[in-house]
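Heads up: the structure comes next, in structure tokens.
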Amino acid sequence: MAATPLMNEFPELAHLTREDLEDILNDPAYFQSIFHSLPQVKELYQAQAELGMANEAIARTNLSLQDRLYELRTETKEAFDNAKSLESRWKDLEREQREVYQRFNPQFLLLRLRHATTAQDDASEALASSFVQSSPSPSSGNDASDVDEFIREFRELRKVYHKRVMWGDRWASGQVSWEDG
């Protein structure tokens with residue numbers, strides 16, 4: 001038989017006669033038997049079977065890892081939820097920290113000093129007014145001790161007041177320095 005493109009492509013068919021080739025085309029069962037006996041087809045089926053077995057092995061491995069994967073997924077979700085909770089807590093703590101630090105801000109401290117100075121002045125003035133308005137009776141006999149007590153209390157209040165005024169003045173003149181950090 002002459003070399004044809006069919007015979008070049010499938011040398012296994014070169015031994016078949018023309019009638020055999022025609023029978024192959026007309027008889028599906030004969031075609032199937034010849035087709036499945038070709039080495040390329042056998043190799044293809046072998047490769048397909050190997051791939052199928054490899055896929056089954058991979059599937060078995062995946063199934064054996066499935067429970068651990070679900071556990072890891074659950075642990076990961078819990079860790080993520082915990083991280084989100086901690087992140088939220090962190091924001092709350094930062095806000096609280098800013099509020100606490102605000103109390104030690106130089107401007108806030110100066111404002112508190114001024115308010116405390118005014119309150120101290122008001123307290124000493126209230127004590128003096130109270131003393132002046134309460135007229136000691138000559139029959140009580142405690143006049144000197146009442147005066148001494150008033151002077152001691154008034155002096156203490158005024159001492160604190162004047163210290164605060166001095167600190168405020170120093171602050172206003174730049175003699176008080178604040179270091180950040």
Side-chain angles (χ1 to χ4, degrees), residues 40 43-181:
Q40 297 96 322
E43 289 174 13
L44 181 67
Y45 280 132
Q46 180 62 32
Q48 184 180 16
E50 289 171 4
L51 286 174
M53 289 187 292
N55 280 344
E56 286 177 15
I58 291 170
R60 280 191 297 276
T61 301
N62 287 346
L63 285 174
S64 72
L65 297 174
Q66 183 177 19
D67 290 339
R68 181 66 184 135
L69 176 64
Y70 286 141
E71 289 173 17
L72 287 173
R73 183 181 292 166
T74 301
E75 290 171 13
T76 302
K77 183 183 181 319
E78 289 170 359
F80 180 78
D81 292 345
N82 188 34
K84 283 300 203 182
S85 172
L86 291 173
E87 182 181 39
S88 175
R89 178 71 180 131
W90 179 269
K91 288 177 183 176
D92 291 342
L93 289 174
E94 279 184 328
R95 181 185 43 76
E96 289 175 23
Q97 182 183 31
R98 279 192 304 273
E99 290 171 3
V100 167
Y101 283 166
Q102 175 63 33
R103 288 186 243 154
F104 300 104
N105 179 312
Q107 292 81 10
F108 184 74
L109 290 175
L110 179 59
L111 181 66
R112 286 184 57 199
L113 177 61
R114 288 182 179 155
H115 284 293
T117 302
T118 302
Q120 192 70 23
D121 187 41
D122 292 344
S124 67
E125 290 301 318
L127 180 65
S129 293
S130 171
F131 180 76
V132 168
Q133 289 176 1
S134 68
S135 53
S137 65
S139 65
S140 68
N142 294 341
D143 291 338
S145 66
D146 288 346
V147 170
D148 289 343
E149 180 65 22
F150 164 74
I151 290 173
R152 189 187 61 72
E153 287 180 34
F154 186 75
R155 233 186 218 167
E156 188 59 33
L157 289 172
R158 293 310 286 179
K159 180 173 88 174
V160 171
Y161 166 76
H162 286 291
K163 281 183 180 179
R164 290 178 179 172
V165 167
M166 286 181 356
W167 292 335
D169 291 345
R170 284 184 184 166
W171 200 321
S173 67
Q175 294 178 353
V176 175
S177 67
W178 289 92
E179 307 228 357
D180 292 329

List the residues meeting side chain to side chain donor-acceptor pair (under 3.5 Å) with [X], not counting sequence neighbours, and say none if there are none.
{"X": "E99", "result": "R95"}
{"X": "E87", "result": "K84"}
{"X": "E149", "result": "R152"}
{"X": "E96", "result": "none"}

Value rounded to 0.5 Å, distance of [atom1] in [X] from [atom2] in [Y]:
{"X": "E125", "Y": "D122", "atom1": "CD", "atom2": "CG", "result": "8.0 Å"}
{"X": "N55", "Y": "N62", "atom1": "CG", "atom2": "CG", "result": "10.0 Å"}
{"X": "T76", "Y": "L69", "atom1": "OG1", "atom2": "CG", "result": "9.0 Å"}
{"X": "L113", "Y": "H115", "atom1": "CG", "atom2": "NE2", "result": "10.5 Å"}

Tell me, please, which residues at least two apart from K77 pass salt bridge (charged side-chain N to carboxylate O under 4.0 Å, His left out).
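In terms of salt bridge (charged side-chain N to carboxylate O under 4.0 Å, His left out), with neighbours along the sequence ignored, K77 is linked to D81.
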
Just to verify, what does D67 make a salt bridge (charged side-chain N to carboxylate O under 4.0 Å, His left out) with, not counting sequence neighbours?
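D67: no salt bridge (charged side-chain N to carboxylate O under 4.0 Å, His left out) contacts found.
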
Return a table of donor-acceptor pairs under 3.5 angstrom between the side chains of residues 157-168 and protein atoms on other chains or two or more places apart.
| from | atom 1 | to | atom 2 | distance (Å) |
| --- | --- | --- | --- | --- |
| R158 | NH1 | D121 | OD1 | 2.6 |
| R158 | NH1 | S124 | OG | 2.7 |
| R164 | NH1 | A116 | O | 3.1 |
| R164 | NH1 | Q120 | OE1 | 3.4 |

Pair up each side-chain donor or acceptor in residues 45-52 with any protein partner under 3.5 Å, not counting sequence neighbours, and list the distances.
| from | atom 1 | to | atom 2 | distance (Å) |
| --- | --- | --- | --- | --- |
| Q46 | NE2 | E50 | OE2 | 3.0 |

The criterion is side chain to side chain contact (heavy atoms under 4.5 Å, CB included); which residues satisfy it with L72, sequence neighbours excluded?
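Checked L72 against side chain to side chain contact (heavy atoms under 4.5 Å, CB included); matches are R68, E75.
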
Set of residues satisfying side chain to side chain contact (heavy atoms under 4.5 Å, CB included) with respect to N105, sequence neighbours excluded
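For N105 the side chain to side chain contact (heavy atoms under 4.5 Å, CB included) partners, ignoring immediate neighbours, are Q102, Q107, F108.
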
List for me each residue that meets ring pair (Phe, Tyr, Trp, His ring centres under 6.0 Å) alongside F150, sequence neighbours excluded, and say none if there are none.
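F150 satisfies ring pair (Phe, Tyr, Trp, His ring centres under 6.0 Å) with F131, F154 only.
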
Keeping the roles fixed (side chain from S64, backbone from T61), state whether a donor-acceptor pair exists under 3.5 Å.
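Yes; judged by distance alone, with no hydrogens or angles, the pair exists.
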
Using modelled atom types and a 3.5 Å cut-off, is there a donor and acceptor pairing between side-chain atoms of S130 and backbone atoms of A126?
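Not at all, since once roles are kept as given, no pair shorter than 3.5 Å links the two residues.
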
Indicate yes or no: at least one non-hydrogen side-chain atom of Q40 is less than 4.5 angstrom from one of L44.
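SC-SC contact between Q40 and L44 ruled out.
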
Would you say the side chain of R89 lies within less than 4.5 Å of the side chain of D92, judging by non-hydrogen atoms?
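They are in side-chain contact.
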
Would L93 and Q97 count as a side-chain contact (heavy atoms from CB on, under 4.5 Å) here? Give the steps.
CA-CA 6 Å; L93 289 174; Q97 182 183 31; over 6 Å; no

Pairs flagged by ring-ring contact (aromatic ring centres under 6.0 Å, His included) wherever residues 51-93 is involved - sequence neighbours left out:
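Of all non-adjacent pairs touching residues 51-93, none passes ring-ring contact (aromatic ring centres under 6.0 Å, His included).
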
